[in-house]
Amino acid sequence: MNWKSCTLAAVSASILVALPALAQSNGYEVWLTDQNNTAGFTAQAPRGTHGGRILIWNSEDLENPTGPVLDKPEVIDLASFYAVGTANNSTGANVSRPHMAYPSPDGRYMAVAFVASGHVAIIDAETRRSKALFRMSAGAGGARQAHAATWTTDGRAVIVANQNGKLLERINYDAVRDEFTHDTAATIDLAKCRTPNGFPCETATPVNASDPAYFGPHNRPDNAPICPITTFQNRSVITLRGGGMFVVDPTTTPMSIVAEYGNQLYGRDGCGGVQVGNKVYMNGGAGTTTTNHSEFMLYTLEDNFPNGPSFLPANDARIRPIFRDGNAADHRDAHGMTATGNGYYIWAFDRLANLVEVYRSFDFKYIRAIHLAGPLSDDPTPDIVALSPHGNRVYMALRGPQPQTGAHASAGTTPGLGIMSVTHGGAFGEMTHVYQTRFRNPVNGSEESDPHGISVRVR
């Protein structure tokens, strides 16, 4: 098919987007993770020590004909839900900072990753009961962080980015027994392994991207995994904090690398991706004030990787840059991403600039910027985003004034749930509602709410 000659109708009918099918009688839910601590507040720990919240909205309220009913979320306080020593938590450690939450392909379970404590929780989404709680392995320097936990396409496993531990881990799901197990034999140590092409997985090059020696065809100077992206072909695309990327077959034991890229081809701090047809769209964003203060990068990667034990030559040509703005003066940070118009458009969100950059998916043509700051919020700071099953709304996690993660790029003024209407066939939209998820510090009264992850679960 000649993409450039396609009509909108032809493209919409031809491309596939990873969107759930909406069961009209059951509707859907929006799950939002709030990273604020909810327990352990003392004069010595004025911002608390552990906990966090999950807020859940029903589609009946969100799709109300007279306007969204936003003040009735169901709230799960994770400090009490996973109290140490109870039936829900036998790990001996408190859960802290729920970062991401993703539904299983059938919508039955939610996988919640705790970035500070290194836990991954599996919650029965129908009953709101805990199914399992695991603490990830200690890795580099004894660290462990569950930055994100995403499901394989077949729902048989959860792939965990153990960020500071620099491990890629797997939780298996046995559908016959309805059991989850932490399969430590599947782990890849990204700090110590070698690729199938014979190169070190992590290289000892400078961590500052302004150093000319930083970039190289096989350089991966900081292999903290950030956000695994599962493709239609059941491959896990692993973005890395220091740049570079791996494509992993998550079905082997241990999991196996099938493609590798250096930071010369893929930038650092990627956390956002969506697939349209056989192309995966990904980003790279800002890190810290000393590594890369400002960054907005977009890439596309073809999802046609080898099956089984085969692997590709290093830096094969399946990845392509679309756009990069690395000018620190522009104050940019690419993060969340979604596809609208049945995959005809890619929406790439910018936390620092409070923008949505809209691109046409089949030829990467830039369409427009949608500005988010305005009467509803002077600094919304959108993080992870999720498209409604109808495709008419984008739900956004908006960051707070006391960011628990992301440092300079993540401070916002209205922590909560943001709603955008999608118009013009997916080419445009506007922010229509903001619901603030307030949580006042009992010690000093400061606003602690700091949402980060968001997902749509079809019931």
Side-chain angles (χ1 to χ4, degrees), residues 3 14-21 100 102-106 111 113 147-161 168-173 186 188 190 195-196 225-240 244-252 254-261 265-266 270-284 297-322 334 336-339 342-344 346-348 359 361-362 364 384-387 455-456:
W3 287 106
S14 301
I15 54 182
L16 300 175
V17 185
L19 300 176
M100 300 279 207
Y102 290 111
S104 59
D106 61 4
H147 186 271
T150 57
W151 299 82
T152 55
T153 306
D154 56 14
R156 297 176 62 182
V158 176
I159 308 304
V160 183
L168 191 68
E169 302 196 67
R170 188 174 73 199
I171 297 170
N172 296 337
Y173 175 57
I188 302 177
L190 298 175
T195 73
I226 305 298
C227 292
I229 302 167
T230 303
T231 75
F232 296 162
Q233 199 187 10
N234 207 25
R235 292 291 177 264
S236 292
V237 180
I238 312 301
T239 59
L240 305 171
M245 185 183 69
F246 295 117
V247 180
V248 169
D249 182 348
T251 67
T252 62
M255 294 181 286
S256 51
I257 295 170
V258 296
E260 59 166 306
Y261 299 90
L265 294 179
Y266 191 88
C271 190
V274 65
Q275 184 164 3
V276 177
N278 73 333
K279 289 184 172 58
V280 183
Y281 298 84
M282 302 169 297
N283 64 23
M297 298 178 287
L298 294 177
Y299 304 87
T300 182
L301 181 71
E302 293 182 13
D303 181 26
N304 52 356
F305 293 95
N307 291 308
S310 302
F311 59 92
L312 295 171
N315 300 308
D316 77 286
R318 301 181 193 210
I319 194 168
R320 173 180 174 182
I322 299 174
M337 188 183 298
T338 191
N342 197 26
Y344 195 78
I346 302 298
W347 284 24
Y359 293 81
S361 64
F362 66 89
F364 317 127
I384 303 302
V385 301
L387 185 71
S455 63
V456 168

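The basis for the numbers below is simple: all heavy atoms, side chains too, and nothing from hydrogens, waters or symmetry mates.
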Over all atoms of both residues, closest heavy-atom pair of [X] and [Y]:
X	Y	result
Ala111	Val158	CB-CG1, 4.2 Å
Pro103	Trp151	O-CD1, 3.1 Å
Ala113	Ala149	CB-N, 3.9 Å
Ile229	Gly273	CD1-CA, 3.9 Å
Phe305	Ala259	CE2-CB, 3.6 Å
Gly343	Val276	O-CG1, 3.5 Å

Point to revise | Presence of salt bridge, Asp249 and Arg235, under 4.0 angstrom | key: yes

Partners of [X] by side-chain hydrogen bond (donor to acceptor under 3.5 Å, both in side chains), sequence neighbours excluded?
X	result
Tyr261	Asp316
Thr300	none
Trp347	Thr340
Thr152	Asp154

For [X], give me all partners under salt bridge (Lys or Arg N to Asp or Glu O under 4.0 Å), at least two apart in sequence or on another chain.
X	value
Glu260	Arg220
Asp106	none
Arg156	none

Do [X] and [Y] come within less than 4.5 Å of each other through their side chains, counting heavy atoms only?
X	Y	result
Ile159	Leu168	yes
Met282	Tyr266	yes
Phe364	Lys279	yes
Leu190	Leu240	yes

Point to revise | Tyr281: partners by ring-ring contact (aromatic ring centres under 6.0 Å, His included), with sequence neighbours left out | key: none

Check your understanding: Do the side chain of Arg170 and the main chain of Thr252 share a donor and acceptor less than 3.5 angstrom apart?
Key -> yes

Exercise for review: Measure from the side-chain N and O atoms of Ser310 to the backbone N and O of Val258, and report whether any donor-acceptor pair falls under 3.5 Å.
Suggested key: no

Holding to side chain to side chain contact (heavy atoms under 4.5 Å, CB included), I want the full list of residues that pass it with [X], two or more places apart in sequence or in another chain.
X	answer
Met100	Tyr102, His147, Ala148, Cys227, Cys271, Ile384, His452
Leu298	Asn283, Phe296, Ile322, Met337, Ala348, Tyr359
Glu302	Asn304, Arg318

Practice item. Compute the ring centroids of Phe362 and Tyr344, then answer whether they are less than 6.0 Å apart. Key: yes

**Study point:** Euclidean distance, Ile238 CD1 relative to Ile257 CD1, rounded to 0.5 Å
**Key:** 9.5 Å

Study note, to complete from the structure: When rounded to the nearest 0.5 Å, the distance separating OH of Tyr299 from CG of Leu265 is 8.5 Å

**Study point:** side-chain hydrogen bond (donor to acceptor under 3.5 Å, both in side chains), paired with Asp303, selected from Asn278, Asn234, Thr231
**Key:** Thr231

